[in-house]
Amino acid sequence: MTPIIQTIMLHRKQVDVLRLDKMTPGGIGNKYYKLRYNLLAAKEQGLKSILSFGGAFSNHLHALSAIGKQEGFQTIGVVRGEDDPDNPTLQDLRNNDMHLHFISRQDYRQKNDASFIRSLEERYGSFYLLPEGGSNSLAVQGCREILQGVKQDYNHILVAVGTGATVAGIVATPELTSRVTGIAVLKGEDGLSEVVQKFIEPYEINTTWDISFRYHLGGYARYNADLMEYIRNIRDENELETDPVYTSKVVWACADMLEKNEIRQDEKVLLIHTGGMQGWTGWNYRFRIS
Ligand SMILES: *Cc1c(COP(=O)(O)O)cnc(C)c1O
């Protein structure tokens, strides 16, 4: 993937943005890297179906349905909550021929139990099982390639964190010495650092990393008028389109850290735009913005 880098001004400083949203097919972003080796593994195992989990606005299920269809897999999405025919994300999943299996929030907590997986296998036959968010060791392996071809003279790299596989892959980039800060977008994910630590265990790490929990705004996709205004400002001042759940918070975090001098003016900074622009249709639907 040829790197596409855009330079923006944040707090009177030039900051580079790696546009995965522009580099990957269909603007899929980081999910492209997370899925790549998993799809290969499914093929190698001779499996025709891939099953995974997510919420009704999941970028992961969205990406899986698109790539899965393209690559000739039957995809099955186990979705938390109830069906809603008006939800544009679910409509996209169906248009990509993903079979949707709805379960209650309560049952969703048991989604990793062996007995639950067995019941799904009885119903759908054998499938390649991808955990929620598509995050497993093969996803991390794929994300180690996100920085491929990027000149590695950055002091500091910032990237959004949901389940942690992407930031783990960045940290485990071969030869990387830049400091990496993951910006958590979920609240109450205290175990995230341990998850990342586990993901990077197989690799030699030459860099320092941390996860900041200061910028999640109270949780996943929580409506916040200030963030919306901020997104408009980034767009107007820098011609950079960001998504409401992930990358906008990374830009905001970087500006705040510059302001607080937690990132120095002389440091070379790279933000990773992980994609997720499909999230806008779901966001606008949820909050009834037209
Ligand atoms: C899924 C997603 C992330 C988070 O990736 P994880 O590997 O779950 O941490 C970041 N940005 C975007 C746009 C995403 O869709």
J.: Side chains of residues 174-182: which donor-acceptor partners sit under 3.5 Å, not counting sequence neighbours?
T.:
{"unit_1": "Ser178", "atom_1": "OG", "unit_2": "Tyr154", "atom_2": "O", "d": "2.8"}
{"unit_1": "Thr181", "atom_1": "OG1", "unit_2": "His156", "atom_2": "NE2", "d": "2.7"}
{"unit_1": "Thr181", "atom_1": "OG1", "unit_2": "Asp210", "atom_2": "OD1", "d": "2.8"}

J.: Going by side-chain contact (heavy atoms from CB on, under 4.5 Å), name the residues that satisfy it together with Gln106, two or more places apart in sequence or in a different chain.
T.: Ser104, Arg109

J.: Donor-acceptor pairs under 3.5 Å, side chain of residues 227-241 to any protein atom, not counting sequence neighbours: which ones?
T.:
{"unit_1": "Asn238", "atom_1": "OD1", "unit_2": "Met9", "atom_2": "N", "d": "3.0"}
{"unit_1": "Asn238", "atom_1": "ND2", "unit_2": "Met9", "atom_2": "O", "d": "3.3"}

J.: Do any N or O atoms from the side chain of Thr24 and from the backbone of Leu20 form a donor-acceptor pair under 3.5 angstrom?
T.: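 Yes, the answer is positive, given that a donor and an acceptor are paired below the 3.5 Å cut-off.
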
J.: Classify the ring geometry between Phe116 and Phe53 as parallel (under 30°), tilted (30 to 60°) or perpendicular (over 60°).
T.: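 Ring orientation of Phe116 relative to Phe53: tilted.
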
J.: Could you give all pairs that pass the ring-ring contact (aromatic ring centres under 6.0 Å, His included) test and reach residues 65-102, with sequence neighbours left out?
T.: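 Output for this query lists His99-Tyr124, His101-Tyr124.
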
J.: Do the non-hydrogen side-chain atoms of Leu93 and Thr75 ever get within less than 4.5 Å of each other?
T.: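 No. Closest side-chain heavy atoms not under 4.5 Å.
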
J.: Do Arg144 and Tyr37 make a side-chain contact, defined as non-hydrogen atoms from C-beta onward lying under 4.5 Å apart?
T.: no

J.: Does Glu262 have more than 12 heavy atoms from other residues, nucleotides or ligands lying within 6.0 Å of its CD?
T.: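 Check passes, neighbour count above 12.
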
J.: Over all heavy atoms of both residues, which pair between Ile28 and Ala63 is shortest? Give the atoms and the distance, please.
T.: CG2-CB, 3.7 Å

J.: Using the salt bridge (Lys or Arg N to Asp or Glu O under 4.0 Å) criterion, which residues pair with Asp86? Sequence neighbours excluded.
T.: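 Partners of Asp86 under the salt bridge (Lys or Arg N to Asp or Glu O under 4.0 Å) test: none.
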
J.: Quick one: salt bridge (Lys or Arg N to Asp or Glu O under 4.0 Å) pairs with a partner in residues 9-35, sequence neighbours left out?
T.: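 Checked against salt bridge (Lys or Arg N to Asp or Glu O under 4.0 Å) - neighbours excluded - the pairs reaching residues 9-35 are Arg19-Asp21.
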
J.: Indicate yes or no: at least one non-hydrogen side-chain atom of Leu39 is less than 4.5 angstrom from one of Ile50.
T.: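 Result yes, sub-4.5 Å side-chain heavy-atom pair found.
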
J.: Taking atom CD of Gln14 as the centre, does the number of heavy atoms from other residues, nucleotides or ligands within less than 6.0 Å exceed 12?
T.: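 At most 12 heavy atoms, drawn from other residues, nucleotides or ligands, come within 6.0 Å of this atom.
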
